[in-house]
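Working notes for the structure below.
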Amino acid sequence: MENFTPASAALGGLLIGLSAALLWVAKGRIAGISGILGGLGARRPGDVAWRAAFLVGLMAAPLLYGAAGGALPHSASSASPATLIVAGLLVGFGTRLGSGCTSGHGVCGLARLSPRSLTATGLFMSSAAATVLVARHLIGV
């Protein structure tokens, strides 16, 4: 949070909303990353190209931003590789259990006023708050 500015946050949110709206209007699809990634194996005609393009764009955008002179955040973790693997597997399990991820439910589902997405997003946020409370304040990690 050292470089947070309301302008950059608003611009980022605007770009996320715009990309989700464009995907909805152009393809009739929800911009949920887990669903886009998971659907790559479906092999339905015409379904792989847009999914691959979306994911490549998602990974290329920060690289292009950095190449254009933008400051990229430094990311570091003190967690062990085993902890990161377990955390990733738990996120994947939760995504399947919740029938979607934070981008699908939190961005697109809430915009569509989906009751299921409202419930899922409330559970995501509550779980995150409880995890921070336990990890940082109760056990001091």
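Along the sequence shown, the residues carry numbers beginning at 1. Quantities reported herein were computed from a predicted structural model and do not represent experimental measurements.
L11 shares a hydrophobic cluster with L15; the chain of contacts runs through ILVMFWY side chains whose heavy atoms sit under 4.5 Å apart. Under a 4.5 Å side-chain heavy-atom cut-off, the cluster of Ile, Leu, Val, Met, Phe, Trp and Tyr residues that includes V86 is completed by L90.
Residues passing the side-chain contact (heavy atoms from CB on, under 4.5 Å) test with S34, sequence neighbours excluded: T95, C101. Under the side-chain contact (heavy atoms from CB on, under 4.5 Å) criterion, S77 pairs with A79, L84, sequence neighbours left out. In this view, R96 satisfies the side-chain contact (heavy atoms from CB on, under 4.5 Å) rule with no residue, not counting sequence neighbours. The side-chain hydrogen bond (donor to acceptor under 3.5 Å, both in side chains) test applied to S99 returns no partner, not counting sequence neighbours. Under the side-chain contact (heavy atoms from CB on, under 4.5 Å) criterion, I30 pairs with W24, C108, R112, sequence neighbours left out.
For the pair T5/S8, a side-chain contact is recorded, criterion being any heavy-atom separation below 4.5 Å from C-beta on.
Distance alone, capped at 3.5 Å, is enough to place a donor-acceptor pair between the H105 side chain and the G98 backbone.
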Extract all donor-acceptor atom pairs below 3.5 Å that involve side chains of residues 48-61 and protein atoms in other chains or at least two apart in sequence.
| unit_1 | atom_1 | unit_2 | atom_2 | d |
| --- | --- | --- | --- | --- |
| W50 | NE1 | D47 | O | 3.3 |
| W50 | NE1 | D47 | OD1 | 2.8 |
| R51 | NE | D47 | O | 3.4 |
| R51 | NE | D47 | OD2 | 3.2 |
| R51 | NH1 | G35 | O | 2.8 |
| R51 | NH1 | I36 | O | 3.3 |
| R51 | NH2 | D47 | OD2 | 3.2 |

Just list the side-chain donor-acceptor pairs under 3.5 Å for residues 129-141, sequence neighbours left out, or say none.
| unit_1 | atom_1 | unit_2 | atom_2 | d |
| --- | --- | --- | --- | --- |
| T131 | OG1 | S127 | O | 2.8 |

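In plain terms, the two heavy atoms of S126 and G122 that are nearest each other are OG-O, 2.7 Å. The heavy-atom pair separating A20 from V107 by the smallest distance is CB-CG1, 4.3 Å.
Within the structure, salt bridge (charged side-chain N to carboxylate O under 4.0 Å, His left out) contacts touching residues 71-83 (residues at least two apart or in different chains) do not occur.
Distance check, rounded to the nearest 0.5 Å: OG of S117 to CG of L110 gives 6.0 Å. For the atom pair CG of L72 and CG of L63, the computed distance is 7.5 Å after rounding to the nearest 0.5 Å.
Under the 4.5 Å side-chain heavy-atom criterion for Ile, Leu, Val, Met, Phe, Trp and Tyr, L23 and L40 are members of the same hydrophobic cluster.
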